[in-house]
Amino acid sequence: MKAISKLKCIVTPQPSVETVFTPLLRPYSLTAVAKLPESSSLIDEFTKFCYQRDLPKAMKAMDSMQKQGIWADSITYSELIKCCLARGAVEQGKLVHKHVFSTGYEPKTFLINILLNMYVRFNLLGEAQKLFDQMPERNVVSWTTMISAFSNAKLNDKALGFLILMLREGVRPNMFTYSSVLRACDGLPNLRQLHCSIIKTGLDSDVFVRSALIDIYSKWGELQNALRIFNEMLTGDLVVWNSIIGGSAQNSDGDGALNLFKSMKRAGFLPNQATLTSVLSACTGLALLELGRQVHVHIMKFNRDLILNNALLDMYCKCGSLEDANFVFIRMVERDVISWSTMIAGLAQNGYSGEALKLFESMKVSGPRPNYITILGVLFACSHAGLVEDGWYYFRLMKELFGIDPGREHYGCIIDLLGRAGKLDKAVKLIHEMECKPDAVTWRTLLSACRVHCNVELAIYAAKQILKLDPEDAGTYILLSNIYANSQRWEDVAEVRRIMRVRGVRKEPGCSWIEVDKWIHAFILGDNSHPQIDEISRQLNQLIQRLMGVGYNPDSNFVLQDLEGEQREDSLRYHSEKLAIVFGMMRLSGEKTIRIRKNLRICGDCHVFAKLVAKMEHRIIVIRDPIRYHHFHDGVCSCGDYW
DNA sequence: ATAGGGTTAG
């Protein structure tokens with residue numbers, strides 16, 4: 001009411017019925033204010049400062065206007081707010097907000113939306129929400145601003161809640177709304193529901209909505225749907241390509257990602273940082289070191305991009321080239337917690353535990369605060385180096401030292417640590433004491449330890465736990481039946497085989513990949529389609545003969561280690577990694593490292609074989625299986641024969 | 001005035 005009286009002094013309007021009852025909803029024409037001679041010069045000054053982006057002078061002018069009870073128009077205020085935003089001037093922004101609301105006019109929805117947006121950009125969601133609640137009228141922009149604020153803050157429930165309220169109030173979402181709210185989906189049913197409404201409104205033709213749809217379908221693991229949306233598109237932009245390439249890479253379809261990347265270039269798009277990050281991530285997944293190196297050459301111009309550098313670092317780590325990884329790491333102009341975690345875990349996984357722990361020490365001194373994943377790498381390093389005491393120390397004190405609660409994966413590392421040290425009973429005890437429920441991975445860790453330490457009874461127990469949680473796990477069935485066979489428990493063997501048949505579980509054939517001269521050669525157990533297979537087999541047989549001369553016995557009884565179920569002697573002889581190693585020796589010059597990626601875990605016989613080849617033939621061999629790295633050099637393996 | 005894409009573990 002005070003505001004109203006002020007207003008009357010300036011323009012002295014004839015009060016109508018409406019102005020008496022709804023003064024705040026019916027603003028007087030602002031031109032009436034500007035016409036007053038004594039105020040116009042001040043407003044002109046203010047306007048000038050706003051457009052000149054002279055924040056201090058504009059704020060001063062605004063203050064004088066406030067004292068005289070005169071006001072400028074919404075456009076000018078919106079300029080001033082832009083100026084506050086550009087300078088990060090939070091306090092000044094709040095003053096503008098106060099000023100705008102003291103005019104006695106109800107600020108236009110347009111102007112309040114700009115204020116809303118200002119609070120969102122300043123990350124003051126509470127203020128934004130307060131202002132939003134006070135708005136007499138909210139249009140699609142107001143709602144969308146709130147939805148995008150909450151979905152960016154990962155407060156998905158709130159973002160979706162706003163969409164529902166908006167619909168209830170009869171405000172129709174537009175393409176801006178949908179492209180924001182899609183990121184806040186809480187599951188596939190929800191996503192399908194949103195997708196339906198988008199199709200009904202015809203907004204699925206918008207490129208922003210499309211890229212958001214492609215992205216979110218990929219994030220929920222439905223790459224097929226993402227591809228369908230992508231393929232139905234007639235025109236697209238770089239972001240849409242990036243969405244589908246990134247989606248493929250994230251859903252472990254590296255091949256698909258690389259093919260899409262080729263198509264994208266053919267369609268005339270220039271890749272940017274986001275594209276190249278996904279391409280690197282595809283190389284990482286496929287262990288394509290040489291292709292990754294080529295990408296490295298092409299991203300030199302983006303060498304200040306942190307995310308891209310992190311992806312590059314990870315590529316070198318996961319392709320087993322720690323020299324290159326270190327080269328990238330030390331040259332990075334900026335390193336965040338991901339860079340450090342990647343490097344620490346990379347060193348540990350590739351057998352450089354000491355270096356990993358040293359790096360962690362320097363991170364504690366001069367790096368960012370370690371997070372959940374950093375600690376995983378540290379525990380893994382301790383486990384790998386057999387540092388039981390250090391591992392326990394970090395595990396027990398991680399909450400106290402770094403403020404991180406131990407999760408299932410941390411327990412997994414400690415179980416691995418105890419298992420490696422042969423303390424199986426302690427490992428089992430820990431599993432039963434875990435605060436979070438053990439999952440199949442947890443039990444598989446225990447099973448690994450049982451395998452190495454030949455604890456049959458505990459292995460059977462662990463295998464049964466795995467199968468309860470993951471009834472499709474072919475490797476575990478095979479392992480279980482092998483254990484029974486080894487103990488002559490034929491009825492149990494038959495039972496396991498029967499369950500496998502009933503559940504339709506089929507074992508995946510062992511497959512190894514090796515990159516030679518920009519070609520990827522795949523060797524699949526039982527498949528003879530490689531053009532040089534005869535020569536490879538011949539050389540493999542010769543090699544086996546040579547190795548037998550130094551004590552290699554291919555008929556080893558690796559029942560407990562044979563996760564592939566390929567342990568019959570004839571197939572053992574032709575395990576895919578053996579073919580790949582021989583092929584690598586044939587095609588790669590002596591000083592080159594033979595790098596192989598495998599889909600299944602390496603068996604004990606191949607492990608012995610690789611160690612001997614490395615020693616006898618003076619080759620460095622790196623084999624990456626789904627969870628561990630094996631660097632074979634001079635008769636020893638970086639895994640310390642524990643995997 | 002409001003919108004979409006990239007990196008660490010599992």
Side-chain angles (χ1 to χ4, degrees), chain A residues 74-75 78 81-82 85 108-118 120-121 138-149 151-152 173-183 203 206-216 218-219 236-247 249-250 257 271-282 284 299 302 305-315 317-318 335-346 348-349 370-380 407-410 412-413 439-442 444-445 626-627:
Chain A
S74 300
I75 303 285
S78 78
I81 294 168
K82 273 188 218 162
L85 264 174
K108 286 184 180 165
T109 303
F110 156 79
L111 183 55
I112 308 182
N113 282 341
I114 291 174
L115 283 166
L116 258 190
N117 182 251
M118 176 190 80
V120 170
R121 299 255 196 108
R138 305 173 187 112
N139 63 16
V140 60
V141 177
S142 332
W143 287 101
T144 304
T145 303
M146 296 312 285
I147 289 174
S148 101
S151 79
N152 281 333
N174 61 15
M175 54 272 246
F176 291 82
T177 323
Y178 281 122
S179 47
S180 309
V181 82
L182 276 170
R183 288 152 45 90
L203 291 170
D206 182 77
V207 272
F208 283 76
V209 174
R210 265 174 194 277
S211 55
L213 276 169
I214 291 171
D215 185 56
I216 199 72
S218 315
K219 293 229 158 75
D237 64 3
L238 181 60
V239 178
V240 181
W241 279 102
N242 286 348
S243 306
I244 194 67
I245 294 173
Q250 284 153 21
N272 68 0
Q273 292 96 313
T275 328
L276 293 164
T277 304
S278 297
V279 170
L280 276 174
S281 148
T284 308
I299 63 177
F302 299 125
D305 190 295
L306 178 60
I307 298 181
L308 190 49
N309 275 319
N310 284 343
L312 184 66
L313 186 64
D314 189 43
M315 185 277 291
C317 286
K318 294 235 167 57
R335 297 179 201 101
D336 65 358
V337 66
I338 295 187
S339 330
W340 288 87
S341 307
T342 304
M343 195 67 210
I344 291 172
Q349 285 167 329
N371 67 10
Y372 189 95
I373 296 166
T374 321
I375 306 300
L376 273 181
V378 173
L379 294 181
F380 189 89
R408 193 178 284 144
E409 292 93 344
H410 296 105
C413 283
D439 64 358
V441 179
T442 317
R444 246 178 241 129
T445 310
I627 45 175

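Lettering of chains follows the sequences in order, A, B, ..., and the numbering in each one begins at 1. As the structure is a prediction and not an experimental result, all values here were calculated from the model.
Taking atom CH2 of residue A:Trp241 and atom P of nucleotide B:dG6, one finds them 17 Å apart after rounding to whole Å. As a whole-Å value, the separation of A:Leu111 CG from B:dT2 P is 13 Å. Between A:Asp206 atom CG and B:dT2 atom C1' the separation is 13 Å, expressed in whole Å. The CZ atom of A:Phe302 sits 16 Å away from the P atom of B:dT7 (whole-angstrom rounding). Taking atom CG of residue A:Leu379 and atom C1' of nucleotide B:dT8, one finds them 15 Å apart after rounding to whole Å. The distance from atom CG of A:Leu280 to atom C1' of B:dT8 is 14 Å, rounded to the nearest whole Å. A:Lys318 has its NZ atom 11 Å from the P atom of B:dT7, to the nearest Å. Rounding to whole angstrom units, NE2 of residue A:His410 and C1' of B:dA9 are separated by 9 Å.
Between A:Arg121 and B:dT2 there is a side-chain N or O to OP1 or OP2 distance below 4.0 Å. For the OP1/OP2 pair of B:dT7 and a distance below 4.0 Å, the side-chain nitrogens and oxygens of A:Gln250 include at least one atom meeting the criterion. Residue A:Arg183 has a polar side-chain atom (N or O) positioned under 4.0 Å from OP1 or OP2 of B:dG4.
The closest donor-acceptor contact from the side chain of A:Ser281 to the backbone of A:Thr277 lies at 3.5 Å or more, if one exists at all.
Ranking B:dG10, B:dA3, B:dT2 by closeness to the A:Val441 side chain, first place goes to B:dG10. Nearest nucleotide to the side chain of A:Asn139, out of B:dT7, B:dA1, B:dA9: B:dA1. When each of B:dA3, B:dG6, B:dT8 is scored by its nearest atom to the side-chain atoms of A:Ser148, the top-ranked nucleotide is B:dA3. Proximity note for A:Leu376 (side chain, C-beta onward) versus B:dA9, B:dT7, B:dG4: the nearest is B:dA9. Considering only the side chain of A:Thr342, B:dT8 comes nearest among B:dA3, B:dG6, B:dT8.
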- Run the numbers on A:Arg183 and A:Asn152 for side-chain hydrogen bond (donor to acceptor under 3.5 Å, both in side chains), then give the verdict. CA-CA 8 Å; A:Arg183 288 152 45 90; A:Asn152 281 333; 2.6 Å; yes
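In this structure, A:Trp143 CH2 and A:Thr177 OG1 are separated by 11.0 Å, a value rounded to the nearest 0.5 Å. How far CD1 of A:Ile114 is from OG of A:Ser78: 4.0 Å, rounded to the nearest 0.5 Å. For the atom pair CD1 of A:Ile338 and CG of A:Asp314, the computed distance is 10.0 Å after rounding to the nearest 0.5 Å.
Here A:Asn174 lies in heavy-atom contact (under 4.0 Å) with a base. Residue A:Val279 is out of contact with every strand shown, counting any heavy-atom pair closer than 4.0 Å. Contacts of A:Leu308 with the nucleic acid, taken as non-hydrogen atoms under 4.0 Å apart, include base atoms. Contacts of A:Val240 with the nucleic acid, taken as non-hydrogen atoms under 4.0 Å apart, include base atoms. Among the heavy atoms of the strands lying under 4.0 Å from A:Thr144 is at least one base atom, whether or not backbone atoms are also near. The residue A:Asn113 sits close to a base: some heavy atom pair falls under 4.0 Å. At the heavy-atom level, A:Arg444 lies nowhere under 4.0 Å from the strands shown. Contacts of A:Asp237 with the nucleic acid, taken as non-hydrogen atoms under 4.0 Å apart, include base atoms.
Contact annotation: side chain of A:Asp305 to base of B:dG6, donor-acceptor pair present below 3.5 Å. No hydrogens or angles were tested; on distance alone, nothing pairs the side chain of A:Ser179 with the base of B:dG4 as donor and acceptor under 3.5 Å.
At a threshold of 4.5 Å between non-hydrogen side-chain atoms, the residues A:Asn309 and A:Ser339 do not count as touching.
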